[in-house]
There are 2 protein chains.
Amino acid sequence: MGHTPTTARGRATRGRILDAAADLIQRHGVAAVTLDAVERAAGVGRSQLYHYFDDRDDLIRSVVHATVDKVLAAQEPLLLEVGSLAGIERWFDAIVANGTRQDAVGGCAIGSLASQLGGQDELTRQAFVDAFARWEAPLIAGLRWMQESGELRPDVDVTELADLTMAAIQGGLLLAQIRRTPDQLRHALNGARAALKDALTSPP
Amino acid sequence: MGHTPTTARGRATRGRILDAAADLIQRHGVAAVTLDAVERAAGVGRSQLYHYFDDRDDLIRSVVHATVDKVLAAQEPLLLEVGSLAGIERWFDAIVANGTRQDAVGGCAIGSLASQLGGQDELTRQAFVDAFARWEAPLIAGLRWMQESGELRPDVDVTELADLTMAAIQGGLLLAQIRRTPDQLRHALNGARAALKDALTSPP
DNA sequence: GAAGCTCTGTACCATGAGATACAGAACACC
DNA sequence: GGTGTTCTGTATCTCATGGTACAGAGCTTC
């Protein structure tokens with residue numbers, strides 16, 4: 001898997017390559033990631049690419065892993081507070097804000113990658129399965145905690161609720177990306193919020 | 001946009017090309033659609049491709065339009081009955097069945113295409129905007145009808161409900177496709193169903 | 001059955017893009 | 001400051017792939 005850089009300069013270069021490639025994918029799809037384009041965008045020569053990555057596929061895979069780590073790291077502080085309705089709402093708000101921010105491009109980086117590369121090789125697909133699992137796990141844990149502490153009705157299926165939430169996020173982001181407006185995402189998350197409130201023991 | 005075939009043989013050939021290309025996209029992504037691959041899969045020579053399509057891009061665009069029409073045509077009979085809870089539930093069941101059927105590949109053909117080509121040119125993106133609008137319109141109309149006839153509470157936002165539903169479908173299909181199991185899709189639609197029931201005037 | 005279409009088969013071209021070779025610069029370490 | 005390692009620049013090769021040329025088969029129509 002190429003050389004892992006040891007010097008600061010090396011890490012910076014590898015990072016620039018990864019960022020440039022990720023940006024190209026996000027904006028114009030995987031097909032737009034030609035080595036020439038990456039070089040231009042990253043301000044880097046051909047030899048650097050092959051110094052840090054085995055080949056193009058290795059680069060793409062690395063982008064996937066980097067993106068997954070980055071997105072999940074960004075989510076982490078919010079996902080830790082998901083054990084309460086207020087925490088979940090903060091999480092939703094952040095997602096909507098995030099989807100709105102990136103000038104109308106939006107879309108979930110992981111979801112976007114997933115639908116482009118999910119049908120690729122088994123290894124890449126597995127990476128996305130793991131990514132979504134890591135993403136959903138804190139939510140399930142939080143909901144379960146709420147259920148055990150009596151906030152949530154005992155008869156609701158927490159995995160079902162979590163799956164709905166994840167689907168609403170992904171679907172909302174996809175549709176918002178196509179329509180270039182965050183409305184759909186907001187609506188979808190409002191719906192998920194309603195479903196959550198509906199499962200509370202004490203209706204608000 | 002190439003020659004539109006006039007003979008039966010011509011239509012069959014053009015159809016085979018379109019089917020083969022659609023299949024390749026669905027299974028291995030747009031990048032896998034090389035002209036050689038299409039020829040092999042469709043049992044067709046290079047000259048046929050350029051007889052019926054201007055170039056590769058035209059072929060891809062044609063696949064998009066054909067897929068949209070096909071999916072929407074398949075949905076149509078169910079979408080006409082969406083003016084009642086029972087009709088909506090039949091629609092959901094069909095979607096789940098459809099997502100389950102295609103041997104674990106699944107995924108929404110339109111959604112999959114959309115996330116691969118949505119960031120492409122403006123024209124293609126618009127095609128998807130239209131597709132989703134055409135898809136969602138009957139649902140909104142049905143919900144509005146239910147609201148006017150008193151089945152649905154007057155204070156609920158029908159577009160919000162419809163957006164949640166569409167997002168649940170798309171997100172559920174995406175996640176089900178990645179995980180190769182229809183559970184997530186089923187869960188997501190159960191959630192959407194719950195949200196719908198919650199909006200009814202007479203709780204079931 | 002001949003003309004004039006639509007449709008098909010094969011060979012070929014041009015070039016974009018992935019990959020390689022190799023030398024030289026920058027840096028770390030003693 | 002010398003030496004080995006990491007990192008970078010440039011030129012080049014190779015080949016897959018989109019695109020073209022052109023002849024020939026197969027209908028349809030008169």
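In this text the structure is predicted, and so the values were computed from the model without any measurement. Proteins come first, then strands; the chains are lettered A, B, ... in the order of their sequence lines, and each starts at number 1.
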Side chains of B:E151 and B:W145 only: does a donor on one sit below 3.5 Å from an acceptor on the other?
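No.
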Is it the case that the side chain of A:E39 and the backbone of A:G45 share a donor-acceptor pair, with hydrogens and angles ignored and the cut-off at 3.5 Å?
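Not a single qualifying donor-acceptor pair exists.
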Within-4.5 Å side-chain heavy-atom neighbours: B:N190 and A:L164
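They are not in contact (no side-chain heavy atoms under 4.5 Å apart), so the answer is no.
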So where does chain A start and stop touching DNA chain D, 5' to 3', when the test is distance under 4.0 Å to a non-hydrogen atom?
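Boundary nucleotides touching chain A, in 5' to 3' order, are D:dT6 to D:dT10.
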What's B:F53 touching, base or sugar-phosphate or nothing? Going by heavy atoms closer than 4.0 Å.
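The residue B:F53 makes no contact with any strand.
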From A:L139 atom CG to A:L78 atom CG, the distance as rounded to the nearest 0.5 Å:
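Reported value, rounded in 0.5 Å steps: 12.5 Å.
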Rounded to the nearest 0.5 Å, what's the gap from CD on A:E160 to CD on B:Q184? Could you check?
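Reported value, rounded in 0.5 Å steps: 11.0 Å.
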Sugar-phosphate or base contact per nucleotide [nucleotides 18-30 of chain C; S, B, -; heavy atom under 4.0 Å]
BBB-----S----
Give a yes or no on whether B:R144 atom CZ has more than 12 heavy-atom contacts from other residues, nucleotides or ligands under 6.0 Å away.
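At most 12 heavy atoms, drawn from other residues, nucleotides or ligands, come within 6.0 Å of this atom.
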Check the surroundings of atom CZ in A:R125: do more than 12 heavy atoms from other residues, nucleotides or ligands lie under 6.0 Å from it?
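For A:R125, atom CZ is crowded (more than 12 foreign heavy atoms under 6.0 Å).
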Under the salt bridge (Lys or Arg N to Asp or Glu O under 4.0 Å) rule, collect the residues that match up with A:D36, sequence neighbours excluded.
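In terms of salt bridge (Lys or Arg N to Asp or Glu O under 4.0 Å), with neighbours along the sequence ignored, A:D36 is linked to A:R46.
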